[in-house]
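Notes follow the structure.
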Amino acid sequence: MSDHDLLHTRVLEGAPPAATAWLDSAGRPLSHRELAEQSGRLARRLVDAGAGPGTRVALFLERGADMAVAVLGVLRAGAAFVPLGLQEPAPRLARILAGCAPAAVLVHDATAARFGDSSGIRTLGVDTEGDGLREAGPTTVVAPDDPAYVLYTSGSSGTPKGVVVEHRNLAPHLEWLAERLPLGVGDRVLQVAPYTFDASLTDFFWPLAAGATVVSLAEGDHQDPLAIATALVEHGITAVRLPPAMLSLLLDEPEFRKATGLRYLISGGDRLPTPVARRIVELLPDVRLFNRYGPTEAAVAVSYHEFDAGTDTGPDVPIGQGVTGAELHVSPDGELLIGGACVARGYLGDTVLTEQRFVQLPGLGRVFRSGDRVRTTAAGALEFLGRDDDQVQVNGHRVEIGEVASALRAHPDVQDCAVLPQGHALAGFVVAAPDRRSADGIHAHLRGRLPGHMVPNVIVFVDRLPVTERGKVDLAALRALHAAHGAEAADGAESADGPAPAEDGDPVREVVRRVWSQLLGGIELREDDDFFERGGHSLLAVQAVGRIRKELGHRVPPRIMFEKTTLGDFTEEVTRIVAAAGGR
């Protein structure tokens, strides 16, 4: 072990002081010298506030250079950082804060008022200007096996689980990246993933340790393919990591084919369809396209595969072979077992679950049981086949079905329930008395307890859950019920209560209604229909604003789809955007 196994040391010693470390969405630069000075002052303040080895500091921040200052400041103080989602429902946020018991929560002007003070936890501003502390920072002794960060993921028990990752767990992966995908002072990496995703960590440490520049999008733009394509071109981005779903959307953006400066394009978090990969390398022939795989419990990623259009002919691009620090084993039943330095410490405060998932096996040592089924190709690469448990992928998020079902059961009218993945979203099946069946009420209940991607977009009421001969819930029967529910919803749309469809010749209203209807399966829509309750999900929402933009000629930020979810409210917002821009 060496100081280079410490994540902050890699950044502080790896770049020329005058080089630009960060460029925010407004074009404001932060040099590596300024990053070192500001994070040092913040570290001293955190130590004075009680932070140090064995403690945690939560981050409640929007995108930008403050994020870099905060992460490095926490690490230099010897503590572990805990990113908090800005849109996290209050009850879930409270459970996370209770579980990690941070010494402080770092905020800035854009988020201080949103965090509030009801938790009783001390908040500190990231801004260190004018604090009177000019020293470089504390000399806290940090060891490679000290925790560096805690990331919260969906938990099957209904409570989010915090994965504790040590400095030494991520360091070998960063070494592999520096050797195989080298960056330098002239490179620019677009930071796309929210910092609550472990994928964001390589967007951060990989470029900064090499003296390259991180370019951050504006808050909310990570869901906008036009904003991403524009940033790739305007900022001369040379490396980026994007989920497969976003790659598919970028292929429809003409601006994307102008991103000829890209050298490295990394995908991961879900299956990468081979046709999508093939189109990308056709459009950008000089780019090296990688598909990577890894659970949060194994320090971001444990395998990479560089796409080869000549040899990768299966339906999905393989997830590849292990990186430095990852020892990959396939059990006799096909489960991927992950060993090596990348394996995390475990789950914060949950020794039972830690002992179940992090196990000692003869001849292999300590491994993480991923629950993912894989197979090895003739070329020695791994192919992802699916899951062994109730964890599913929803638009790149790993979701424990049990946490969603637990939130459903907490509703006073729900007698029993089941949850199934359906395409890019979830469907909830609920047993409730006939006079207590309110999908709107259940959706409102869930939105107050779960992140948006975990809320089922469809609620199907049933008299009882179908079961197999062995007494287990019959999944095939539930899928059939979901299909029948969709057909009934479409057939019954015209007779539904509520305002009738408008026919006033308003071109904006007509475009919005037509686009929504097309994406939702051709159903008739009324002014008070909610996009997500009628079967929409986040990917369809992004597609909707893209189609509307192309028809109206005006950009509609995707976030509006998530803020104004009914047809009437959304149309009014789009109308204001068009009017402000001078008409259609």
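Since we're looking at a predicted model, the values are computed, not measured.
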Backbone N/O of [Y] and side chain of [X]: donor-acceptor pair under 3.5 Å:
X: Arg114; Y: Ala110; answer: yes
X: Thr111; Y: Phe60; answer: yes
X: Thr20; Y: Pro29; answer: no
X: His108; Y: Glu62; answer: yes

What are the two closest heavy atoms between [X] and [Y], and how far apart are they?
X: Ala80; Y: Pro147; answer: CB-O, 3.6 Å
X: Ala381; Y: Pro318; answer: CB-CB, 4.0 Å
X: Val141; Y: Asp146; answer: O-OD2, 4.4 Å
X: Asn457; Y: Leu426; answer: OD1-O, 2.6 Å

Check whether any side-chain heavy atom of [X] lies under 4.5 Å from a side-chain heavy atom of [Y], and answer yes or no.
X: Phe384; Y: Asp372; value: yes
X: Pro89; Y: Arg447; value: no
X: Glu297; Y: Tyr347; value: yes
X: Ser303; Y: Leu328; value: yes
X: Asp145; Y: His167; value: no
X: Val165; Y: Leu151; value: no
X: Thr140; Y: Pro53; value: yes
X: Val542; Y: Pro225; value: yes

ask   = Where do Val163 and Tyr149 land on the side chain to side chain contact (heavy atoms under 4.5 Å, CB included) test, with the steps shown first?
value = CA-CA 8 Å; Val163 181; Tyr149 60 88; over 6 Å; no
Does a donor on one side chain and an acceptor on the other come within less than 3.5 Å for [X] and [Y]?
X: His305; Y: Asn291; result: no
X: Gln191; Y: Arg63; result: yes
X: Thr202; Y: Arg292; result: yes
X: Ser216; Y: Trp22; result: yes

inquiry  = Give me each pair satisfying salt bridge (Lys or Arg N to Asp or Glu O under 4.0 Å) with a member in residues 316-327, each pair once, sequence neighbours excluded.
reply    =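 Found Arg271-Asp316.
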Tell me whether the count of non-hydrogen atoms from other residues, nucleotides or ligands lying under 6.0 Å of [atom1] in [X] goes above 12.
X: Arg369; atom1: CZ; value: no
X: Glu563; atom1: CD; value: yes
X: Arg366; atom1: CZ; value: yes

For the [atom1] atom of [X] and the [atom2] atom of [Y], what is their distance to the nearest 0.5 Å?
X: Thr9; Y: Arg76; atom1: OG1; atom2: CZ; value: 9.0 Å
X: Leu61; Y: Leu84; atom1: CG; atom2: CG; value: 9.0 Å
X: Thr376; Y: Leu382; atom1: OG1; atom2: CG; value: 5.0 Å
X: Leu262; Y: Arg288; atom1: CG; atom2: CZ; value: 13.0 Å
X: Leu46; Y: Arg41; atom1: CG; atom2: CZ; value: 13.0 Å
X: Ile266; Y: Leu272; atom1: CD1; atom2: CG; value: 12.5 Å

inquiry  = Would you say the ring centers of His173 and Tyr304 fall short of 6.0 Å from each other?
reply    =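 Ring centres of Tyr304 and His173 closer than 6.0 Å.
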task = Check the pair Asp203 / Arg241 against side chain to side chain contact (heavy atoms under 4.5 Å, CB included), numbers first and verdict last.
result = CA-CA 7 Å; Asp203 297 349; Arg241 192 215 71 91; 3.8 Å; yes
key: Criterion salt bridge (Lys or Arg N to Asp or Glu O under 4.0 Å) on Glu335 and Arg373, from CA distance to verdict   = CA-CA 5 Å; Glu335 182 184 8; Arg373 292 184 296 107; over 6 Å; no
query = Would you call the rings of Phe81 and Phe205 parallel, tilted or perpendicular, where under 30° means parallel and over 60° means perpendicular?
reply =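 Correct class here is tilted.
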task = Give the intermediate values and the outcome of side chain to side chain contact (heavy atoms under 4.5 Å, CB included) for residues Arg263 and Val287.
result = CA-CA 5 Å; Arg263 298 198 294 130; Val287 75; over 6 Å; no
key: Worked verdict on Leu183 versus Val189 for side chain to side chain contact (heavy atoms under 4.5 Å, CB included)   = CA-CA 9 Å; Leu183 296 172; Val189 176; 3.9 Å; yes
Step-by-step salt bridge (Lys or Arg N to Asp or Glu O under 4.0 Å) determination, Glu88 to Arg449 = CA-CA 8 Å; Glu88 204 77 73; Arg449 289 161 173 77; over 6 Å; no
Glu403/Arg92 under salt bridge (Lys or Arg N to Asp or Glu O under 4.0 Å): CA gap, chis, key distance, verdict = CA-CA 11 Å; Glu403 184 173 358; Arg92 196 170 192 266; 3.0 Å; yes
